[in-house]
Amino acid sequence: MSGHSTYRPQSKFMQWLEKRLPIGGLVHSSFVAYPTPRNLNYWWTFGGILAFMLAVQIVTGIVLAMHYTPQADMAFNSVESIMRDVNYGWLIRYVHANGASMFFLAAYIHLFRGMYYGSYKEPREVLWILGVILLLLMIATGFMGYVLVWGQMSFWAATVITNLFSAIPGVGSTIVTWLWGGYAVGNPTLNRFFSLHYLLPFVIAGVVVLHIWALHVVGQNNPAGIEPKSDRDTVPFTPYATIKDTFMIVVFCIVFAWFVFYIPNYLLHPDNYIPANPAQTPPEIVPEWYYLPFYAILRSIPNKLLGVCALFASIVILAFLPWLDTSPVRSARYRPLYRQFFWLFVATAIGLGYLGSRPPEGVYVVISRILTVYYFAFFLIILPLLGIFEKTRPLPNSIADSVLGKA
Amino acid sequence: MTTVSSAEPTRRDFLYIATGAVGAIGAAATLVPLLAQMNPDASTVAAGAPVDIDLAPIAEGQIVKVFWRSKPIFIFHRTKKEIDEAKNVDVNSLPDPESDAERTKPGHEQWLVVIGICTHLGCIPLAHQGEYGGWFCPCHGSQYDTAGRIRKGPAPRNLALPPYTFLSDTKIRIGEESAKTA
């Protein structure tokens, strides 16, 4: 991890430790002396917020696992006993359930910030791809956690999502039986989902370390999208970034607490308070809000295999963004056309989210199809062509110049 | 460390290849139990034995739902009208062409026995709903006719047929296929 380390331990103990395990120097160069661009705005604080949310989910999750029973006949009741009997169980479960939503909210803001300012471009491709891997891991973890409640939505979400794999020609049904450990979703499925739901957050934590490592090798992007050239362009991580990140974590926590204490069930589905019933599919199956755009893409395509392919493609395509965007200019500030297409893309993602929550009929299907076409066209047609045809605005000479108005 | 290059294969080359080969085979063999443990276990397989169902209480026009291997099985006692509707369809116009005779047992064509799982994404369709008098799936709108054939919506195939056999005119065994000569 870069940064000119001037770390000299004060205490005798730290001097002794530093000669044997230079951990103090690592922390100092990564989170104290580490130079950050001086023009970072508040959109850059969501990385810190995400690290905080991961910690919240792991701590509350470990506590919940102490009271939860991963057995098909007892799982639902054990969740209800957490809500009613366990001391502060209601609070811990509501923090965990709403924490998942807040985690995804922060991740999507972080992702859109990266897209707006071109943070995926050379030399940050690996950093970006690690981020896409983190998103995929979050999606898998969130899904399996939702199943553990073992309500009606849990059970049927598990059925629908595992059945996506039945679309694979030839071996589909063999794979699905293998995933279930039975002839349908049942106790073996619940058990393995519990095991994996406990494991994956630590895998996420491991990939986060790689993500931060890659970040500290190439350095942060910034709103101007140009590399720092001199010490005038940067400020030390501590105190500047530390206080900014901490401030936003606290602001974020206020929003989080508002959900937890005032509308804890706003983002949950009432059907998930009905115990899982393998004999009865609920009248409508709706995933959690953070999966809705992808669900809308799945439903907009009338062919099963193609629908499933489009669902996976809509996430995996993000990993190819560094090569699909051919423009040498990073920041949307200096890309007037890209900026418009970007905001249209954000509106499309939100629109697909809304359509994913509507029944798949009539005008909703037509609009879903139009938005799905734009979603993919943005990556596959617009971005490659913009690099050729867009007339970008002149870049500032340096970050300091852009801040001090000498562009 | 120094590298010794030599044209002749050395004992170290032999050890390297032999260790690699044994290690690779060992790793592959280890994968077998690690993957196989996820398949249905012995008790699940044992619980999947055939079940006998008495058809006598099922009234004409009624659809009952029984379970075999944790899967819902629909047993549909079809009326004359419903059988005719299923037969009077141009088979080649169907998304998954199958005649009514292929979906029932000869001599027992008033009985339709299908696995009650939508072939789209696994929801349980609702009986006696939709435009074709059969089933309607509430999840993504697939519609099935009185022979359990897909007529409309995203499902790719007809409702699957479980293996079953008629023990008598009013009794079937689900989980065991009758001889083709029946």
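Every heavy atom of this structure was used, including side-chain atoms; hydrogens, water molecules and symmetry mates were not. Within every chain, numbering begins at 1; the chains are lettered A, B, ... in the order of the sequence lines, protein sequences first and strands thereafter.
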Practice prompt. Using a cut-off of under 4.5 Å on heavy-atom pairs, state which of A:Pro188, A:Pro278, A:Pro282, A:Gly307 scores highest against chain B.
Written response: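 The option with the most such pairs is A:Pro278.
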
Worksheet item: Do you know which of A:Pro283, A:Ala279, A:Pro302 has the most heavy-atom pairs under 4.5 Å to chain B?
Response: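 Highest number of heavy-atom pairs under 4.5 Å: A:Ala279.
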
Specify the closest pair of heavy atoms between [X] and [Y], including all atoms of both residues, with the distance to one decimal.
X: B:Ala127; Y: B:Ile63; result: CB-CD1, 3.7 Å
X: A:Tyr68; Y: A:Ala75; result: OH-CB, 3.5 Å
X: A:Val185; Y: A:Phe155; result: O-CE1, 3.5 Å
X: A:Leu306; Y: A:Ile301; result: CB-CG2, 3.9 Å

Practice prompt. Any chance you could lay out the side chain to side chain donor-acceptor pair (under 3.5 Å) test for A:Tyr266 and A:Asn98, step after step, and finish with the verdict?
Written response: CA-CA 9 Å; A:Tyr266 183 72; A:Asn98 285 283; over 6 Å; no

Discussion item. Quick check on B:Ile117 against chain A: is it the side chain, the backbone, both or neither that has a heavy atom closer than 4.5 Å?
Written reply: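 For B:Ile117, there is no contact with chain A at all, as no heavy atom is under 4.5 Å.
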
Taking side chain as everything from C-beta outward and backbone as N, CA, C, O, which of these in [X] sits under 4.5 Å from a heavy atom of chain B? Side chain, backbone, both or neither.
X: A:Leu298; value: side chain
X: A:Ile285; value: side chain
X: A:Pro359; value: neither

Measure the shortest side-chain to side-chain distance between [X] and [Y] over non-hydrogen atoms and say whether it is less than 4.5 angstrom.
X: A:Phe76; Y: A:Ile274; answer: no
X: B:Leu159; Y: B:Ile115; answer: no
X: A:Ile139; Y: A:Phe104; answer: yes

Worksheet entry | disulfide bond (SG atoms under 2.5 Å apart) partners for B:Cys139, two or more places apart |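 Listed in chain order: B:Cys123.
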
Using a plain distance cut of 3.5 Å, could you tabulate donor-acceptor pairs between chain A and chain B?
| from | atom 1 | to | atom 2 | distance (Å) |
| --- | --- | --- | --- | --- |
| A:Asn163 | ND2 | B:Leu121 | O | 3.2 |
| A:Trp178 | NE1 | B:Leu35 | O | 2.7 |
| A:Tyr183 | O | B:Lys71 | NZ | 2.9 |
| A:Arg192 | NH1 | B:Met38 | O | 3.0 |
| A:Arg192 | NH2 | B:Met38 | O | 3.0 |
| A:Ala279 | O | B:Lys65 | NZ | 2.6 |
| A:Thr281 | OG1 | B:Ile124 | N | 2.7 |
| A:Tyr295 | OH | B:His140 | NE2 | 2.9 |
| A:Lys304 | NZ | B:Thr119 | O | 3.0 |
| A:Lys304 | NZ | B:His120 | O | 2.8 |

Worksheet item: How are the rings of A:Phe345 and A:Phe379 set relative to one another: parallel (under 30°), tilted (30 to 60°) or perpendicular (over 60°)?
Response: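 Rings of A:Phe345 and A:Phe379: perpendicular, as their planes differ by over 60°.
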
Worksheet item: Between A:Phe194 and A:Tyr198, what is the ring plane arrangement, given parallel below 30°, perpendicular above 60°, and tilted in between?
Response: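 Geometry flag for A:Tyr198 against A:Phe194: perpendicular rings.
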
Worksheet entry | Most contacts with chain A, counted as non-hydrogen pairs under 4.5 angstrom, among B:Gly141, B:Gly122, B:Pro156 |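 Ranked by contacts with chain A, first place is B:Gly122.
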
Worksheet entry | Distance flag, aromatic centroids of A:Phe103 and A:Tyr290, threshold under 6.0 Å |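 Between A:Tyr290 and A:Phe103, the centre distance exceeds or equals 6.0 Å.
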
Worksheet item: With sequence neighbours excluded, what pairs up with B:Phe136 under the ring-ring contact (aromatic ring centres under 6.0 Å, His included) test?
Response: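 If we apply the ring-ring contact (aromatic ring centres under 6.0 Å, His included) test to B:Phe136, skipping adjacent residues, there are no hits.
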
Discussion item. Quick check: under 4.5 Å, non-hydrogen atoms only, which of residues 309-318 of chain A neighbour chain B?
Written reply: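 Expected list: none.
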
